[in-house]
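Below is one structure, written out as structure tokens; comments come after it.
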Amino acid sequence: MKSAVRRLAAVPVGILLLSSPAEPAAAAGSTAILTAPGAVSTSLLGSPGGAIPLLGSPGGSTALLTPPGGGSAVLERMRRDVAAVTGAADVPCWRDLTIKSTANGRYVSAEIGWNGGDHAALRARAATPGKWEKFLVCRDAGTGVTKIRAQANNEFVSAELDYAGARYGMLRAQAEKVGGWERFYSNGAPGGQFSFYTKDTKRWVAAETGFTGRLYGVLRARATSVSAEETFVW
């Protein structure tokens with residue numbers, strides 16, 4: 001069952017990140033290219049929909065940077081929504097993006113096959129990426145405002161802040177619309193390492209590699225500082 005959609009309060013542009021919003025240098029070998037609106041790049045040749053692959057990015061990511069107007073209707077709506085919140089003239093968006101935990105080297109999966117309150121929980125548990133490990137991401141470089149949507153079920157990722165115990169802050173791809181629990185801030189663009197946290201609690205997302213059984217590697221927004229469990233590559 002899906003959680004109720006929460007309404008997002010207005011977020012002032014320029015809200016401070018817990019970590020500096022400045023973009024870190026891309027990981028060695030990354031050739032991700034950001035193309036200005038209206039610009040033409042020879043890198044677009046042969047890429048579906050004009051998308052630019054992140055060639056050589058960490059973990060062999062197949063993420064495609066999609067220029068404005070070149071994405072699906074869903075992705076372009078995400079782009080406009082982030083721009084409306086941040087006031088940015090252009091918001092970079094990616095499709096087929098994978099997220100890999102540095103704590104265990106596993107890709108993040110949306111557990112679409114699970115039922116009930118754990119349906120579509122995000123877990124760092126896959127050795128290789130498949131359709132459950134692909135995401136749409138739109139991120140404003142100036143503020144770090146980030147939207148994440150699972151391609152497997154086309155739902156936005158939420159932090160379940162009304163859960164208790166070991167499931168508190170669990171990330172699930174379960175929301176049709178974006179509210180406060182679906183708003184994230186990240187400190188690095190796709191093509192390298194990053195950490196991210198929730199708007200409502202300012203808690204960093206961690207991959208729970210110390211858990212066992214069903215919840216091994218589950219992603220939770222619960223950390224007040226960043227270590228290996230809170231560091232990912234996309």
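Residue indices begin at 1 and follow the sequence shown. Computed from heavy atoms alone, side chains included, the values below leave out hydrogens, waters and symmetry copies.
- Classification of the Tyr197-Trp204 ring pair by plane angle, with boundaries at 30° and 60°, yields perpendicular.
- A distance-only check finds a donor-acceptor pair linking the side chain of Asn187 to the backbone of Ser195 [under 3.5 Å].
- Contact check for Pro190 versus Leu65: no side-chain heavy atoms found under the 4.5 Å cut-off.
- Aromatic ring centres of Phe184 and Phe196 lie closer together than 6.0 Å.
- Annotation: side chain of Val178 is in contact with side chain of Arg183 (closest heavy-atom distance under 4.5 Å).
- You'll find the side chain of Phe135 stays beyond 4.5 Å of the side chain of Thr98, heavy atoms only.
- Of the inter-residue distances, the one linking Met78 atom CE with Thr66 atom OG1 reads 10.5 Å to the nearest 0.5 angstrom.
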Assess the residue pair Thr201 and Leu161 against the criterion (side-chain contact (heavy atoms from CB on, under 4.5 Å)); give the C-alpha distance rounded to whole Å, side-chain angles, the decisive distance to 0.1 Å, and a yes or no.
CA-CA 9 Å; Thr201 66; Leu161 302 179; 3.6 Å; yes
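- Residues forming a side-chain hydrogen bond (donor to acceptor under 3.5 Å, both in side chains) with Gln151 (at least two apart in sequence, or on another chain): Asp96.
- A distance of 12.5 Å separates CZ of Arg125 from CG of Leu219, quoted to the nearest 0.5 Å.
- Here the CD1 atom belonging to Ile148 is positioned 5.0 Å from the CD1 atom belonging to Ile99, to the nearest 0.5 angstrom.
- Pairs passing the disulfide bond (SG atoms under 2.5 Å apart) check and including a residue from residues 118-217, sequence neighbours excluded, read Cys93-Cys138.
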Assess whether side chain to side chain donor-acceptor pair (under 3.5 Å) is satisfied between Ser186 and Thr146, documenting all intermediate values.
CA-CA 6 Å; Ser186 57; Thr146 304; 2.7 Å; yes
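- In this structure, Asp162 CG and Arg167 CZ are separated by 13.0 Å, a value rounded to the nearest 0.5 Å.
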Output, in order, the C-alpha distance, side-chain angles, deciding distance and verdict of side-chain contact (heavy atoms from CB on, under 4.5 Å) for Phe156 and Lys177.
CA-CA 7 Å; Phe156 288 104; Lys177 298 180 180 179; 5.7 Å; no
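- Between Lys147 and Asp81 there is a side-chain heavy-atom pair separated by less than 4.5 Å.
- At least one side-chain heavy atom of Val218 sits under 4.5 Å from a side-chain heavy atom of Phe211.
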Apply side-chain contact (heavy atoms from CB on, under 4.5 Å) to residues Trp234 and Lys100 and explain how you reach the verdict.
CA-CA 6 Å; Trp234 58 3; Lys100 194 173 188 178; over 6 Å; no
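- Contact check on Glu111 versus Arg123 returns a salt bridge, with a Lys/Arg side-chain nitrogen under 4.0 Å from an Asp/Glu carboxylate oxygen.
- Looking at heavy atoms from C-beta onward, Trp94 lies out of side-chain contact with Leu64 at the 4.5 angstrom threshold.
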Show, in sequence, the C-alpha distance, side-chain angles and deciding distance for Tyr168 and Tyr163, and conclude whether the ring-ring contact (aromatic ring centres under 6.0 Å, His included) test is met.
CA-CA 4 Å; Tyr168 170 77; Tyr163 283 13; 9.1 Å; no
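- Shown here are the side-chain hydrogen bond (donor to acceptor under 3.5 Å, both in side chains) partners of Thr102, two or more places apart in sequence or in another chain: there are none.
- To the nearest 0.5 Å, atom CZ of residue Arg77 and atom CZ of residue Arg80 are 7.0 Å apart.
- Between the Asn153 side chain and the Ala173 main chain, a donor and an acceptor come within less than 3.5 Å of each other.
- Side chains of Gln174 and Ser158: a donor on one and an acceptor on the other come within 3.5 Å.
- With rounding to the nearest 0.5 angstrom, the CG atom of Asp140 is 12.0 Å from the CZ atom of Arg79.
- Looking at heavy atoms from C-beta onward, Ser101 lies out of side-chain contact with Arg106 at the 4.5 angstrom threshold.
- Here the shortest heavy-atom pairing between Thr198 and Ala159 reads CG2-CB, 3.5 Å.
- Within the structure, the side chain to side chain donor-acceptor pair (under 3.5 Å) test picks out the following pairs touching residues 128-138 (sequence neighbours left out): Ser109-Glu133.
- Within the 4.5 Å cutoff, no side-chain heavy atoms of Gln193 are placed close to those of Phe232.
- The list of disulfide bond (SG atoms under 2.5 Å apart) pairs with a residue in residues 149-234, not counting sequence neighbours, is empty.
- Checking side-chain atoms of Arg220 against main-chain N and O of Ala206 turns up no donor-acceptor pair under 3.5 Å.
- Salt bridge annotation for Asp118-Arg214: present, with a cationic side-chain nitrogen under 4.0 angstrom from a carboxylate oxygen.
- Test Val137, Leu75, Val74 against Arg95 for side chain to side chain contact (heavy atoms under 4.5 Å, CB included) and you get one pass: Leu75.
- Within the structure, the salt bridge (charged side-chain N to carboxylate O under 4.0 Å, His left out) test picks out the following pairs touching residues 225-234 (sequence neighbours left out): Arg222-Glu229, Arg222-Glu230.
- A salt bridge is absent between Arg149 and Glu155; no separation between the charged side-chain nitrogens and carboxylate oxygens falls under 4.0 Å.
- With hydrophobic clusters built from ILVMFWY side chains whose heavy atoms lie under 4.5 angstrom apart, Tyr185 shares a cluster with Val226.
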